[in-house]
Structures are given as C-alpha cells and as structure tokens.
**Student:** 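Structure in structure tokens, see below.
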Amino acid sequence: MREFVLATGNKHKIEEIRAILKDLPIKIIPLSDFPEFPHTIEDGQTLEENAVKKAKEAAVFFKKWAIADDTGLEVEALNGAPGVYSARYAGEPCSYDDNNKKLLKELSGLPKEKRKACFRCVIAIASPDGKIYTAEGKIDGIINPSQSGANGFGYDPIFFVEEYNKSFAELSPSIKNQISHRARALQNMKEKLNQLINML
Ligand code: IMP
C-alpha cells in the first residue's frame, strides 16, 4: 500500500480526507502521529501558497509524498474575507466559536441575499524531490444569522447549503464529504493520485 503523509494535525480534516479517499489503495499517515514534526508557518498570501508550503515541508521532512489542504471561507459582503486568514479571523489565539461569533456580528442585520459566501479549498501534493500538484474545490452557501448543528468543525454551524436546506453542521458527515469544497478538490486530484499510485 502506498503511503502518503497528510500534512495536518487537524483531526476533523484527517477524518474527512480519509473518508473521501477511502476507495484509493493508499495509507494516509497524519502529522498527529509525529509530534516531533516542526509546525509549518502558514504565512502565504494565498490558499495555494499555504497548501504547497505545508505539503513540501512534510514531504522533505519525511522523505515521502505528502498531501496538504488549505481552506478559506470567502464572504461576498466582506470582499472575500476572511479568506486565507479564516483560521485566525477573531485574532490569535481564537476558537472556532470566536470566529463564528465575530463573523455573525460583522454581518448582523444583513438580509439573506447579502450573506453569500463560499468555501474554497486547495489540495497540494508534494514529492520529496520537489514535484508539486495542486487542485481546487469550491462550494457556495449563505452565512446563516445563527449557529445550528453539531457535526463538522470551524465555520460549519453558520454555513448554510441551500440545496439541502441545512447548515454544514446539520448535514451528515457522508453528505458533507460528497459535496464539500474539500471533497471537490480531492475529486479534482484523484486522477493525479491514481497516476502516482501506479507509478510509485
Ligand atoms: P486551514 O488554514 O485550512 O486549516 O483552515 C482555516 C480555517 O477554516 C479553519 O480554522 C477552520 O475554522 C476553517 N475551515 C477549514 N475547513 C473547514 C470546513 O470544512 N468547514 C468549516 N470550517 C472549515
């Protein structure tokens, strides 16, 4: 079985990525198995820069192919913010709840048609000798005026998917993993992953 390091310690991302890639004959080794790995500083100006940096650093450190994800929530009324700064929107350090509350405050009073947003995810795959591949996935939604649902993580309780009439946090993990930004980015990467699996 081909091994890929998954360059994240976020247990929710690990679960989702494992579920989305479950049909591929690969073993995913998350960074949470390696506390000695030096944390990558996410100082890129774009999701792609951060995803590539995370994948590269893990690939070089472990001398293995590595996969990384960088995600941002882009809110139309905020000209695309928090975007690449989604993790630290409410300052540093901050919780998911701090971020959600700050965003709800920023948008308070705005009608539904002014609450459009999307999640954008960039997946990067890097080899120890410097090969890099990237793919992107996106899903549109609306920022609900309050939090609902207990599944998922991050901004899921306030991200409303019109097609399902539910927030991401109200959807079952299996539905989220079929339609999410992360699922779509990984889907767009599957052909390349299959090629690599056959080549390695
Ligand atoms: P990261 O920099 O890719 O780890 O993610 C930035 C922030 O976006 C995280 O702190 C989460 O709050 C949020 N985020 C990433 N992916 C998701 C998701 O699938 N649902 C909700 N929030 C997410």
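Just so you know, these numbers use all the heavy atoms, side chains as well, and skip hydrogens, waters and symmetry mates. Each residue takes its place number in the sequence, starting with 1. When a ligand or atom number is given, it counts from 1 through the structure's own listing order.
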**Student:** Please collect all salt bridge (Lys or Arg N to Asp or Glu O under 4.0 Å) contacts where either partner lies in residues 58-68, sequence neighbours excluded, each pair once.
**Tutor:**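 The answer is E3-K64.
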**Student:** For ligand 1, what are the residues with a heavy-atom contact below 4.0 Å?
**Tutor:**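 Within 4.0 Å of ligand 1, the protein residues are K13, E42, D69, D70, T71, S86, A87, Y96, F119, F153, G154, Y155, D156, K176, H181, R182.
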**Student:** Which pairs pass ring-ring contact (aromatic ring centres under 6.0 Å, His included) with one or both residues in residues 124-144, sequence neighbours excluded?
**Tutor:**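 Non-adjacent pairs meeting ring-ring contact (aromatic ring centres under 6.0 Å, His included): zero.
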**Student:** How are the rings of H181 and F119 set relative to one another: parallel (under 30°), tilted (30 to 60°) or perpendicular (over 60°)?
**Tutor:**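 Answer is parallel, since the angle falls under 30°.
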**Student:** Using the rule salt bridge (charged side-chain N to carboxylate O under 4.0 Å, His left out), only one of R182, K22, K11 pairs with E16; which is it?
**Tutor:**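 Single pass found, and it is R182.
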**Student:** Pairs in or reaching into residues 187-200: which pass salt bridge (Lys or Arg N to Asp or Glu O under 4.0 Å), with residues at least two apart or in two chains?
**Tutor:**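 Every candidate salt bridge (Lys or Arg N to Asp or Glu O under 4.0 Å) pair involving residues 187-200 fails, so no pair, neighbours aside, qualifies.
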**Student:** Looking at N165 and V161, would you say the former's side chain and the latter's main chain have a donor-acceptor pair under 3.5 Å?
**Tutor:**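 Between the backbone of V161 and the side chain of N165 there is no qualifying donor-acceptor contact (under 3.5 Å).
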